[in-house]
Amino acid sequence: MSIEAILKQDIQKAIQQRFDISAEDIILQPTKKEFEGFYTFVTFPLAKSTRKAPAEIGQIIGNYLKNNSLVVDNFNVVQGFLNINLKDSTWLNLFDQILSDTAFGTFPANGQSVMVEFSSPNTNKPLHLGHLRNNFLGDSLSKILEAGGYDVVKTCLVNDRGIHICKSMLAYRELGNGETPESSGIKGDHLAGKYYVKFDIEYKSQIRELVAQGMPEDEASKKAPWMLEAQQLLLSWENGDPETVALWQKMNSWVYEGFSETYNKIGVGFDKTYYESNTYLLGKDIIEEGIEKNVFYRKSDNSVWIDLAEEGLDEKLVLRGDGTSVYITQDLGTTELKNNDYHNNRYLWVVGNEQDYHFKVLFAILKRLGRQYAEGCYHISYGMVDLPSGKMKSREGTVVDADDLISQMIQTASDRTQELGKIDDFESKEANQLYNQLALGALKYFLLKVDPKKRMLFNPEESIDFQGHTGPFIQYTYARIRSIMRKAEQSGIEGKLPSANYEVHKAEKELIFMLSQYPARVLSAAGDFAPSVISLYAFELAKVYNQFYAEVSIFSDPDPEAVQFRVALSKVVSETIRKALGLLGIEVPERM
RNA sequence: GGUUUCGUAGCUCAAUUGGAUAGAGCACCUGACUACGGAUCAGGAGGUUUGGGGUUCGAAUCCCUACGAGACCA
């Protein structure tokens with residue numbers, strides 16, 4: 001049993017014996033820094049049932065613990081807060097438990113399988129900052145859920161067809177002059193994006209022309225020649241016109257090559273990729289089924305609808321009058337397909353909060369249709385990334401391109417490292433690897449430290465910071481410990497637990513306490529789908545270690561037991577940092 | 001217009017889900033045994049948690065309201 005569980009049980013006994021009340025869940029919180037102790041029990045809730053003052057209750061329970069609990073050393077009471085200190089032997093015990101747990105922080109398989117869909121790019125433009133938040137979240141969550149005991153399937157649904165793709169195809173056909181990634185030296189996804197922008201420029205000028213001729217603007221935007229042509233191209237594609245399909249395949253293959261380069265660079269991958277071009281026709285049979293079951297109904301124009309007023313939602317179109325799909329139709333079909341393919345217990349979608357309503361509708365429909373798997377469906381809704389100038393808009397060219405950003409970060413990592421001159425003996429390959437680790441560490445940490453649900457601001461100047469609350473700060477702490485480990489090995493010092501009468505230093509207790517929290521944080525991150533929980537933990541652990549490091553001397557302590565103990569502590573901290581950052585998709589360097 | 005999310009130090013974010021004197025980082029000041037890695041550590045300053053009501057032992061957190069920002073549905 002864990003120390004914390006023992007402590008809770010002892011408190012429960014205290015309440016039972018002293019007040020004759022059976023307390024259900026005992027909740028302990030970490031004691032605030034300005035007070036003495038490590039665990040705090042709040043006694044206010046017991047005031048009513050015991051008819052005693054909170055401070056008195058604290059005294060009574062505290063005294064009981066001091067006399068009867070095997071783990072408690074002493075206590076103090078401030079108002080209704082009972083602050084508890086553990087015995088030195090208990091601290092050593094706690095550390096021993098951590099030390100001997102080879103799978104510390106990872107949980108055995110829980111028999112649950114979960115599918116995480118994320119990334120889901122469009123093939124008409126390269127990835128930008130918003131995609132990075134999505135990718136990092138999805139990737140990190142998959143790792144966290146795995147550590148939490150789930151069997152995880154990572155999937156990606158590529159939006160590879162539709163009017164937007166046809167726009168870049170059209171612009172390329174008209175203005176491309178046979179340009180290729182090879183001939184132009186432009187990365188494939190950026191090349192496609194270039195023509196998407198060209199379409200928009202030409203299209204807008206066509207609208208202006210029509211408006212100048214006296215046509216109202218909304219009509220002009222529908223009747224501009226290139227818009228009509230793009231729609232024509234979409235029809236040709238749907239009819240399988242060989243020329244159109246060939247162009248589509250050619251451009252998409254460029255994009256995929258570009259994407260895979262970026263995915264490799266950021267270390268993200270998938271177990272299964274679905275393509276919308278294969279799934280966009282799915283869902284229509286489900287519409288038929290829904291009509292038969294009277295879940296859906298037809299309107300006079302032949303369109304099909306569902307009324308979700310009972311769920312507090314609106315009336316929602318599920319199939320157009322001309323029989324063509326809308327987004328929700330495809331999603332119904334794709335979800336059914338996923339379930340047929342994998343039969344998972346849970347289906348998660350990492351998608352921006354702009355689609356909150358869409359997913360509410362999707363899940364509500366699945367429930368109405370009686371799909372069992374609907375219970376396991378969940379939208380991991382995350383906030384948009386804003387810039388100091390406001391929202392990113394691709395049409396206004398204010399997007400932060402993912403590839404550009406990564407290159408900039410690598411450059412900064414390289415400059416900063418060379419300035420410090422600590423790795424002058426590195427081969428250039430080693431050095432480049434380090435710059436990559438630092439650049440991605442900084443970027444991933446920056447995007448993952450914020451609660452996913454909240455929208456966040458991306459300030460380019462702050463994000464490239466390598467000091468303070470950043471990925472490189474934590475990486476630095478790791479590298480520093482590795483340096484200590486090398487020294488310990490050289491001098492033949494082995495890390496081990498001291499004898500039972502060892503007097504545990506305050507800084508050592510702080511470290512053990514932080515370490516002991518790790519497994520609970522993993523579970524909490526998995527439960528809340530929040531990598532930020534792990535991010536903050538890694539930072540706190542690194543900070544506590546740096547305080548420890550400044551406060552005590554590891555190698556020059558006269559007591560050899562202290563030296564060995566601190567080496568052991570340092571080692572576990574480094575491993576825990578490596579694991580925690582690993583859950584964020586961040587690598588750790590031996591030196592930096 | 002309807003629905004919905006949010007508003008915390010100058011800036012970016014926390015606050016163990018209703019608990020103590022609301023905490024970190026950046027930026028700004030002051031300091032750190034000639035030191036096991038200074039990409040670090042210690043300290044200072046910085047707050048009416050958007051305003052106003054309410055609920056209770058106790059509110060940044062829950063309810064109402066005003067203002068401000070975002071998103072979605074047409």
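Letters A, B, ... mirror the listed sequences (proteins, then strands); counts begin at 1.
Looking at residues two or more places apart in sequence or on another chain, you find no side chain to side chain donor-acceptor pair (under 3.5 Å) involving A:S221. With sequence neighbours left out, A:D218 forms a side-chain contact (heavy atoms from CB on, under 4.5 Å) with A:P216. Checked against side chain to side chain donor-acceptor pair (under 3.5 Å), A:E219 has the following partners two or more places apart in sequence or in another chain: A:K223. Scored by the side-chain contact (heavy atoms from CB on, under 4.5 Å) test, A:A5 finds A:M1, A:S2 as partners (sequence neighbours excluded). A:Y545 is linked by a side chain to side chain donor-acceptor pair (under 3.5 Å) to A:S570, counting only residues two or more places apart in sequence or in another chain. In this view, A:Q564 satisfies the side chain to side chain donor-acceptor pair (under 3.5 Å) rule with no residue, not counting sequence neighbours.
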Dot-bracket encoding of pairs in RNA chain B, which uses [ ] for pseudoknotted crossings and | for another strand, Watson-Crick or G-U under 3.5 angstrom:
(((((((..((((.....[...)))).(((((.......))))).....(((((..]....)))))))))))).

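Side-chain nitrogen and oxygen atoms of A:R521 include none within less than 4.0 Å of the OP1 or OP2 phosphate oxygen of B:U16. For A:K360 and B:C73, the shortest distance from a side-chain N or O to OP1 or OP2 is not below 4.0 Å.
Listed nucleotides B:A39, B:C36, B:A14 differ in distance to A:V450; the shortest reach to its side chain belongs to B:A14.
Counting only residues at least two apart or in different chains, ring-ring contact (aromatic ring centres under 6.0 Å, His included) contacts with residues 565-592 of chain A comprise A:F95-A:F565, A:Y502-A:F565.
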Using atom types as modelled, flag every donor-acceptor pair under 3.5 Å from a side chain in residues 45-60 of chain A to any protein atom, sequence neighbours excluded.
| from | atom 1 | to | atom 2 | distance (Å) |
| --- | --- | --- | --- | --- |
| A:S49 | OG | A:L46 | O | 3.4 |
| A:T50 | OG1 | A:L46 | O | 2.7 |
| A:T50 | OG1 | A:K52 | N | 3.4 |

Contacts under 3.5 angstrom, residues 571-580 of chain A side chains, donor-acceptor by atom type, not counting sequence neighbours:
| from | atom 1 | to | atom 2 | distance (Å) |
| --- | --- | --- | --- | --- |
| A:S574 | OG | A:K571 | O | 2.7 |
| A:T576 | OG1 | A:V572 | O | 2.8 |
| A:K579 | NZ | A:F104 | O | 2.9 |

Give the B/S/- string for nucleotides 18-29 of chain B, one per nucleotide from 5' to 3', where a protein heavy atom under 4.0 Å of the base yields B, of only the sugar-phosphate yields S, and otherwise -.
-BBS--SSS---

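Glycosidic conformation, B:U17: syn, with the torsion inside 90° of 0.
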Enumerate the protein-to-nucleotides 67-70 of chain B contacts in which both atoms are nitrogen or oxygen and the separation is below 3.5 Å.
none

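Side chain to side chain, A:H379 and A:N353 fail the donor-acceptor criterion of an N or O pair below 3.5 Å.
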